[in-house]
Each structure stands twice: as structure tokens, then as C-alpha cells.
Amino acid sequence: MRGNGRYKLSTVKLIILCHPHPPSHSLSLSHHPSHLLPLTHPPTLREEDDDIFRGNLLQYIKCRTLCHLPRHIQGPHVVMDNGILQVTLSNSDGIVTGIRYNGIDNLLEPLNKETNRGFMITVFSCFYFCPSSPFSFLLSSSSSFNIIMTLDSNDCVVIGTLFGVHQEVREYLMCMIKGTTFKVIVESEEQVELSFSKTWDCSLEGKYVPLNIDKRFVMLRGSSGFYSYGIYEHLKDWPDFDIGETRITFKLRKDKFQYMAVSDNRQRYMPLPDDRLSEQCQALAYPEAVLLVDPKMKDLAGEVDDKYQYSGDSQDNKVHGWICTNPPVGFWQITPSDEFRSGGPLKQNLTSHVGPTTLAMFLSSHYAGQDLVPKFRGGEPWKKVFGPVFIYLNSSTITDDPFWLWEDAKIQMMTEVQSWPYSFSASEDFQNSSQRGNVSGRLLVLDSKEYTPANGAYVGLAPPGDAGSWQRECKDYQFWTRADDHGYFSINNVRTGTYNLYAWVPGFIGDYRYDAVINITSGSFIEMGDLVYEPPRDGQTLWEIGIPDRSAAEFYVPDPHPKFRQYGLWNGYAELYPDEDLVYIVGVSDYAKDWFFAQVPRKTDNGHEGTTWQIKFELKNVDRNSCYNLRVAIASATLAELQVRINNPDSRRPLFTSGLIGRENSVARHGIHGIYWLYNINLDRSSIMAPIGVELLVQDHHVMMDNGILQVTLSKPEGIVTGIRYNGIDNLLEIRNDESNRGYWDLVWNSATTGTTGIFDVIKGTSFTIIMENEEQVELSFTRTWDPSQGGKLVPLNIDKRFIMLRGSSGFYSYAIYEHLKDWPAFELGETRIAFKLRKDKFHYMAMADNRQRYMPLPDDRSPPRGQALAYPEAVLLVNPVEPELKGEVDDKYQYSCDNKDNKVHGWICTEPPVGFWQITPSTEFRSGGPFKQNLTSHVGPTTLAMFLSAHYAGEDLVPKFAAGEEWKKVFGPVFMYVNSAYEGNDPLSLWEDAKSQMEMEVQCWPYSFPASEEFPKSYQRGNVRGRLLIQDRYISNDYISVNGAYVGLALPGDIGSWQRECKDYQFWTTTDEDGYFCINGIRTGDYNLNASVPGFIGDYHYDVVMTITSATKVLKRKKEINSASNVGCDIDMGDLVYEPPRDGPTLWEIGIPDRSAAEFYVPDPNPKYINKLFVNHPDRFRQYGLWERYSELYSDQDLVYTVGVSDYSKDWFFAQVTRKNEDNKYQGTTWQIKFNLDNLDQTGSYKLRVALASATFSELQVRVNDPKANRPLFTSGMIGRDNSIARHGIHGLYWLYNVDVPSSRLVEGDNIIYLTQPRSTGPFQGIMYDYLRFEGPSSPSSK
């Protein structure tokens, strides 16, 4: 056996070849009669080589003595040679193009291009602007994404969706890492180390991963292989990006390497890559899996090949590779340490697979999804060393068993592991043993009052975080070991840094974390002593299923060994359980036989359906005064949801839901485990026992609904919520308020005779009716009927307010039916909503989003002398708040506004006891203005709102105006008021996570089945519309472009874009998937137009044909073709719809991102006197008070000037064109300049300026070209907008698009200036927010 060990043989030589072609001729060096190159003369060349190299420089550098030849390090190849093997790399790319060993000229596939032999790649996504490029074309597509290849110098392949011209894109690009600079780092008899580096700069933004990357290759004297590692660095203030994957790949010769080995029991002869060609195989459920139909080796026919079948855990993935049997040669990838891998010891990665290909995986999202994708935001600096890994070669004589090469490779692997950390790496970023530290200790488990050594426990150091966070950690280093029989562990050679110590113990659920942060310094030895892990437990075990080992391998897997690696096992469930789902009987069933390894959906004739498994068990003595606990540990989840119900399978509300979890895809990828999830579900007596029915108590002036979880009291007949009793709190509502000011519906209206002054009206019923009363549901009605005698006093509407309580529901619902009858007077409805005023002594913490939640001021803090009024009543400076840490902050309810599309759950948390009150809006169909309309949520009070109609961020355009005699009826809601609680000692902020899960469940249940009113149609009475939206922009691509994330909706018939001003009827919106497909479900009957807004493209899509949604089925196949079908409920298939965004010619320049928002522009830091700490260093920094005043400070003497090609809109374009405040405290309009150069002016054509506005407030846009004093502007919008988004921190309001023709006569060759003037200036809040500006050249005939 040859290859193992490092022999004292020939010195290492470095040869640098310079010739004009990157060829196969580089291997002509092998024709020298000696396997070792001579040390005193250049290699002997063949005659044909002499022709190639004549007149060029051939250098080689011998490592024993200095070479006196000049070092022209610009040739296309570099060769490292130590007498055992030769490794050839491209210069300066650093691609391994050849490996000569044991008489084989090249172990790598010579049929491949040189760039496709041995290389490092990364898969990344950036948030950047994708420019129009003539080199982009549609290559192919699959069911999940489009593949677009951009041919450029960066060798990047886009594996995502091209959104449009200079728009924000989050695409994944697979990028081959090619160096641009070659450097010899070490050159001696013992070692050669080479560097191939690429330095990033801003000109590469969006084209190349924003990293400095230094690839290193090392060859040692006597070593039968070579090493490689990479140093990745992201500097401060560089662009945001994600890394989906990075790895080293080697493509071996398919005529040589046909036997693959991953472990002792996972090795075999493999199919050839040609066997995977379409004519030789059959595609299966996903591209990686194919059925071999006609393989070269006939005995493989009928097998499935799938690279994921050969994945391995990081802890086991130390050596794998390929064997050539003639001559006997092995090629092995050895990873001596896992410290640079992500996700801990159980993270699974690819190894080797058909190609023949071998991989060194450093980062990947396989078996984890987005949780294992490092995300770098906000200029985060980062540096990491990946590797070194060892590429090991071995050989044997022709008479030896070639499969013994695997045994030798394992021995070499152990040698490499023992040598870690390597001493030879020349980079200072790779710490040697003396620079590292060590941690040791003992881990014990305390369970049921007994200490047990944690035998076999996994103990590791990872960056500080929560318990279990290590499995999602993917940016830094991790160091793991196993405890011995007595629980002792030692973690050696830990890089310096700050860590938490983590552990998990096979046989016990949960994760251990040592709370104190551990600081590792050079040479440190830290003794932790005895550490004690107390796994989650509240009482004795009554029953259990499975083994707590973070794997599902112990359950029933229906195929032979190795069971879970077989393709298609998910289909076995429906075969085993064709009619009914799995039932497991505790004490009778055997989980190894009766518990299927994965709870998958059941395949039916019409698709797939969810499954419900049952666990049957007997409790002889139920402790009525205690709480039981169900602990569910999940080994993997893929776009799944776990719901738990007890004794009532038909309960609409589960006792517990996980919400949507997991993107691991372990079922398809034969993984048997992915990311670990642990849920601890409390089962109180009401869960074990059937929940009590809903009870209704009717009194003289009040009515109370009670379902055993909460009591809701309402005034009768007014229908005001006066009390909510829950979790030991007598009333969650503010008891100091009058009963009419606690929980109520209200509206603001005005009549034709009272003008625009709004009349505020708390809606009080005059009649009370019990609509439904049974154990499952109570529904109450509080109505107010209008008659002409009330003219001018009450809004001319019949209003029916409904309240619903369900059995087992931790909350209640409310909806209302508004009706304006024929012949009733005209009126306007400015606002309508539900408001709840909570107890100010209880509810202090407000949450409306993951990154928008905080402890709030008290209402008393807003009144003098504690608060100081600012520019408008809603904004108050906290001068002397009750909580001193809030002093100096600004409170303003508009800082907590939210788009309709995101406004689904918000509310308040009481910490003692831990109780949450949440307003959940499961649908936006009854809201006005579409998905981008902003509304209030919760604010100081503590107040929470369910907003249905408002003019906020829109003005009069969003105020419904009803003519005299106009008939109208609309249902607002139902919305859900959800209450939840946690046990004392638990984190009360977890109530927010539970509220989000509840919101997801409410959304899934929409449209509700329980409202009794006939005005609220059930699911079967509604219709559905689906289709696909494509973009056609001839200046981006000649092909159609599918767009991910487009907003597609149905609204009342109208003009293009009219949906954003539509406020009387219903709207139904969704977003497209990666391929542009959309499905809008649950649509009320009626006539609609289909509309769309596409991020990245200006304008609005509008489908001209009016669609009629009916309860009877009509299927619109395309355009106007209508066929009948037999299903209940309308189902309309629109087919492919094509949106052609406004465009006349090529883009000459552009400013901003077409996304209906000004968020990408420069938003200044707030005045330190007026801050809200929540929004410091926050993505929504525009929510700070007083930003409009910063313009005058930044541009005190001269207005903004933007130079195309020089200025950066994120730094040089103020987010709003506001008025300037003068020294006399008066305001003046502003004129912004855009300077640009036209090299060649087309005198015969017309240019186009497209200006998209994100908001306008009592403003005017005037456009002038090259003459700022022109009396008549080239274009004026006239006075537009009442959005008030500048004052209300909105960053957008209503969208406006102006297309301005610019005659060539107004332009000159060379420097030009466009002047944008906003002249109206009566106050500080007048102004314009731009969304996007584009200047187009004249149309070219070839583009039409």
C-alpha cells in the first residue's frame, strides 16, 4: 500500500508555466523519463510543446535553492510537485486543473473544461439592483424556480428569479470562486503554500459575493496529497448578503473512478454520470433522484440514484471518496475537524456522489433550510477560515485488493485528526495549537432526584445564545466532543473567543446550556468541574414513545437496510394506511412496528391531505388539581404544522399548534433527522376533561358569555364590551373608564350638510337579540336602525354588531353589518373600527411585529407636565415620565402604523400575571385600499384597534362617499380578540410567539364557518381564481420573466390602479410564488377586475375583462372562454397573464427601487432630542419623529444635487422632498437637481422621464430640463396628495406614476440637468416621497 504517511522524499517544487493557451499540454511535463523533475534544468519538452511555448517564458522554482530567473507570476498554470504527485492549478484563478499520480496523467476529468475539475464555489444572495444586461437569457426552468444564467466575468449562475431592471433582488447565485491575484506564500524544501485571492469592491455589487476570499493550497514533502483552505472576510459597511452554501468540489475521471466509499457499510460500485441522462433514466419526484432504466452496468437497472442517499452527519463525515481499480488508486477527501462547519455534530451534508464527484462541504442549508443560511446585515464585519481539508491519494500494487485503499484512507484520516490543528498553515488567521485553549469538566444528569453520569453526551462550545441555538449557528466556529462513561469531557484546541458551553444527552430530551459565557484565550486551560443538566420534567412518566436521540430511526421504516436512505418511503404511508390514519395504543402497540417513521400527508386522487394520528391511553386517576404535560420532541419538520387536540378530534381549535415549522426536506432527502424541535404542552384539567359548553347569562342591563376560559360582559342593548374576566384578573379592560369607554365599535362620519367636519360616534345598539345559543356557540346581535327622524344626528346606516364565543376558545369574535338603504341621504364615512382600552396598571408591553415591540409609556406620561406637545397632537415628548428610562423619548401612535398586508396580529402583554390581549385580523378582504394601505394598530392607552376604514396615509381618496339613494351593504370582520397566558416564572414575552401561532391558525380557518349571518358567505359559497403572472420587458429579456412576490388581487371594477383608492367594497389579495403562479381563494360573489403590483417594475397590471365570481362553477380557461364544471364553488383558471410595464426605450439612468416606498433613500438620524429608542438602528428608522426638519440642516444653503454615476441614492437622495424652513420660521419650496451626461443625443427621438411617487401631501411636482427659470415647466402634476405620510412616519402613501415626454430639443450632448421643483410651502409637512425615477432613451426599432 502506498500513499499513507509523509515520506522524506524529494523536496517540493513549484513550477509556474506561462503560455498563451490554457491547455491539456501542461501535462506534457510527465513525458520526462523521470517521475521526478530534474532540479537544475527546465523540463524536457516535446517538439509540439516547443512550438507552443516558443517565445514565451517557462519557469520553475526549486525549493532547495533560490531561483535566479525573473518571477513573472502571470502564466496560466502553476504546478506543485513533491515527487509523489503533481498538482496543477490555473493562475491566477486557483482552479485545480490536473492531479498526476501513480502513472495516471490526470485523476480529474480531462473531458471537462479546466474550470470544472477542482474548484471552490459559494451560493449566495445579495440585496442589490439587477441591471439590464444583453447577456442574460432564460436557460431552463423547474417547478420551483427559474434558472437564469448571466454570462459575465464572475462565473456566476443565478439560481433564482430575475425581477427586473435595477430593482431590489434577492436571488441565489452559484459563483465559482476564482482568484485574481496569485502569490507564493511559502516556498521551501518542506512546504509550498500558494494563495489565490479575490478582493471585493463596490463595482462588483450584485455580481459577486461581497467577500474578500483567499484560497490556499499547501503541499508538504513526503505527503501523498495536498491541503486546501479558504479565508472569507466581509468588511464593515459592505452590502447585506446570505451564504447558502460553500464547498470544494472535485470531478474525477469517469473512466477510472467507479467505486465510492463513504463508510464501512456505505460503499459500492456507482452508476456513471451518463446513466442519469434523460434517455438512460427516468426522472422521479425531484431532480436529484432518477430511476436507472438502461445503465451501462446492467445489474444497476431498476435502482434509484440520488446524491442525498449518501449524506452524512458532520460527526461521521471525516473521510469519503473514490477507488479506481486499474490501476488501484484512491482519491479521498479528509476533513480532520468540524470546527469550521455549521450546525453542530448532527448537521447533515453531502459527501460523494455520481460524477464521480467528491465534496468538502463547509456551509449548506441541506436538512435545515433557511435556519442554516448565514445572513449578514447592516454592514456586519465577519471573517472565517474554512479548512484546511486534506485531499489524500493512495495506491496499491495491481495484485492487491484495491478495496483495502478504504482501510488505508481511514488510517490516514485518524492521522490527520490527531495532527489537528495543523502546524504548517502560514496564515495568521489559522490559529495553531499554542494559540488555542482547552476546556474540560464533567456532565451529570439530574432526573428524578438522581445524578447520572452523562455517558456519551455531546458537549460543545459555540457562540453565545439560547439553549439549543448551536444547531442553528452558522457564522462562527464550534467545538464538540463526547463525554466518557463517567461523564468526563475535554474539548481541546479551541480558538480564542467567547462561547457558551452546550450539551445534549442521548436518552434525555432538551438541551443543556451553561449560562456563564466562557472566554478562551491563548494557552488557557479551563476546568468546569461538575455540571448538572436537569432535563425538562414536571412529574413521573406515564407513557413514552420512541427514544430521545434526535432521530426517527427507531420507528417503523418499511424498506430494507439501510432503511431510511431508500427513495419513496413517504409513499408507503398511504399504502399502509389507505383509509384511516395511524392509531397507537399505549401498552399494546410497539413503536418499532406501529409508529411510522414520518407523519406525512396522504396521497389521494385529488392531491394530498393532512393526517391525524391518535395516541390512545388510559388514566385511571385524574388529578383534578394538577397540570399534566405532553412533551413532543421532533427530529425534523418540513413546511409542517403540529396540532394537538385532547379527547375532541373535531375541536376547531387545537389545544396547541406549532404554527408552520421547518424547511428541512429530510423526508425527501432520506435524512431521518434535521433540526430538533421540543414542545412542552401543558394539559390542565380542562384539556384532559371535555371543555364545558358556552353559557349565556342575560341580565337587565348586561349580558355575559362564559366558556370556562374567559367571561365577556356586554352592556344591553348597547353592545359595549364592559368586562373581560380571564386568568384570575377580574377585568382586563380599564375599570376606571366609564363602561362606554372600554370596548366598543365606533365611526367618524359627516353628512352632505355638515361638510367635512367628522362626527365621532360610539355605536350603541338599541335592540338586543340572541342569534344562537348552544353548548358549542353563542352569537349575540346588538342593532341600531336608522330612520329619517335621526337625520343629521346619526349616520344613515343600519348597523348590526355581532359577538361570538365558541366552546374551548380562548377569546371571542366580533363583526358588524353596515347597510345604507335606497332613498337614504348622502354621507361620508371617514373611519370605522373596534377599540379596546386595557388596564393601564396591568398592560405595559406592546407588540405588533418581531422587531416592533417594547415597554410603552403610560397614558399619564402624555399629559402636562409629564409630556410636552410637539408639532401635532399625537406626538408628545416625554419630559418627566413615570418610568425615568423613557425620559427624552417621543411617543406618537403613528410610529406603530402598519400596512394591511402585515397587520394581522398586535396587542399587549401583562407581566404579572403573564397575560396577553391580542387583536387578530385573519383577512383583509373587508379593509379598504389594498395590501399597502397603512392603518393604526396599538398605542399608548393601553389601546388596541381593529381598523376597517380610515383616511390615514391617503386622505379623502380613501373616504367612502355615498350619494343619496345609493344602496350599500358591507360586512366588517369577523376579527378575533385572543387572550393567552403563561405560567408564573415563564417568559411572558413568549405570549407574542403564541399569539402569532394563533393568528396563523385563524388565517387558515378563513372564511369562518360559524358566523350565523347570511351576509357572511361560507367557503363553499365563494370562488377561487388562479393563474400565472409573467413580465414582458423587451429591454430586459426577449423571454417572459416570472416574478416572485408580485401582489395580485381582485377589486371592484375600475381603471388601472384604482384598487388603491377603492374603499366601499371587498378586495382579495395574494402574492405569486417563485414561478409567478398565484391562487386567490375564498372570494365573495361579485364582479371584479384582476390587478397586480410587481415589486421591481413600475405601474400597475390590470386585466381588462370583468370577472364574475359566483357560487355556481364556471371555469375561465383563458380570456373569455368559459366552460362549465360540476364542483361546488367557482374556480377560475386565468392561465398565463402578461404584464408589460411602461417603457419606451432603454434605461439611461435610474434612481431608487420601484417598490412603492421611499425606504431605500437616505433617512437621516433623528434629532437626539426627539427619539424613539425602538427605532434606533432599526430597519424602520423612518418612524422617528421630526426627520423632515433634518433636510434644512443638511441642505441649509442649497438644495439637493444628485449626479448620475457619482451619487448614491441611499446616501445622497433625501427620503422626502420637503419644504425648507427659513430663519424667519417660514417655509419655501425646494428644487432638486439631477445631473447626467448624454454622450450621444438622438435628435430625432423623444426621451422619457418616468417618475413614480410613493407619497404626496398638498404638493406639486414640476419638471424642468436644463432651464431652472423656465416660466412654464415641461411638466406639472398640479396639486396632489393628502397622505400626510411625512408627519406620520409612513414612508409611503398613495402611489402616483407620471410619464414625462422630454423632447430631444430640450437636451444637449454632454452635461444635462433635470430640475424637480416642489413649490407649495405653507407648512413643514408638504412634500413628495419618490419611489423611483428612470430616464429612458428613444425607442430603437430592433427592440419593438
Side-chain angles (χ1 to χ4, degrees), residues 1-17 26-44 58-67 77-91 94 96-108 117-118 182-196 215-229 248 250 321 327 329-334 336 387-396 405 408-409 412 415-416 419 422-426:
M1 192 76 62
R2 292 181 293 173
N4 53 319
R6 297 182 186 132
Y7 302 104
K8 291 291 183 181
L9 296 175
S10 172
T11 56
V12 188
K13 293 184 290 295
L14 174 63
I15 303 164
I16 301 170
L17 302 176
S26 60
L27 291 177
S28 64
L29 300 175
S30 64
H31 288 263
H32 191 274
S34 171
H35 181 65
L36 304 180
L37 294 175
L39 300 178
T40 55
H41 301 284
T44 301
L58 170 64
Q59 293 184 344
Y60 77 98
I61 300 170
K62 53 187 181 178
C63 301
R64 292 187 299 183
T65 61
L66 293 176
C67 179
H77 288 90
V78 179
V79 178
M80 298 187 295
D81 187 340
N82 67 357
I84 301 172
L85 72 157
Q86 290 177 347
V87 177
T88 303
L89 301 104
S90 58
N91 178 8
V96 182
T97 63
I99 301 174
R100 175 182 173 81
Y101 175 73
N102 199 45
I104 301 177
D105 279 355
N106 199 347
L107 304 185
L108 305 182
R117 296 180 186 176
F182 164 62
K183 186 176 182 181
V184 180
I185 302 296
V186 174
E187 179 188 341
S188 70
E189 292 184 353
E190 300 300 321
Q191 174 179 346
V192 163
E193 181 162 343
L194 309 179
S195 166
F196 301 87
K215 297 188 299 180
R216 298 290 182 95
F217 294 87
V218 181
M219 181 175 281
L220 303 180
R221 180 206 287 257
S223 176
S224 188
F226 62 99
Y227 299 84
S228 186
Y229 65 105
I248 302 175
F250 287 96
V329 167
F331 185 101
W332 308 101
Q333 196 281 305
I334 295 177
V389 296
F390 185 41
I391 293 80
Y392 176 58
L393 312 178
N394 58 2
S395 61
S396 64
L405 297 173
D408 175 68
Q412 186 65 36
T415 300
E416 300 298 326
S419 301
Y422 294 135
S423 59
F424 54 77
S425 173

Heavy-atom closest pair, residues [X] and [Y]:
X: Phe196; Y: Asn91; value: CE2-CA, 4.4 Å
X: Val389; Y: Ile248; value: CG2-CD1, 3.9 Å
X: Pro336; Y: Tyr422; value: CG-OH, 3.2 Å
X: Asn394; Y: Leu405; value: ND2-O, 3.0 Å
X: Ser395; Y: Asn102; value: CB-ND2, 3.5 Å

Would a 4.5 Å heavy-atom cut-off, applied to side chains only, mark [X] and [Y] as touching?
X: Asp105; Y: Arg100; result: yes
X: Val78; Y: Leu194; result: yes
X: Phe226; Y: Asn82; result: no
X: Phe424; Y: Val186; result: no
X: Ser425; Y: Val218; result: no
X: Arg216; Y: Ile185; result: yes
X: Gln191; Y: Leu220; result: yes
X: Asn106; Y: Arg117; result: yes

Find the distance between [atom1] ([X]) and [atom2] ([Y]) and round it off to the nearest 0.5 Å.
X: Ile391; Y: Leu85; atom1: CD1; atom2: CG; value: 10.5 Å
X: Gln412; Y: Leu393; atom1: CD; atom2: CG; value: 10.5 Å
X: Ser224; Y: Phe390; atom1: OG; atom2: CZ; value: 6.5 Å
X: Ser223; Y: Glu190; atom1: OG; atom2: CD; value: 11.5 Å

Picking from Tyr229, Tyr227, Phe217, what satisfies side-chain contact (heavy atoms from CB on, under 4.5 Å) with Glu193?
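Exactly one candidate clears the test, Tyr229.
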
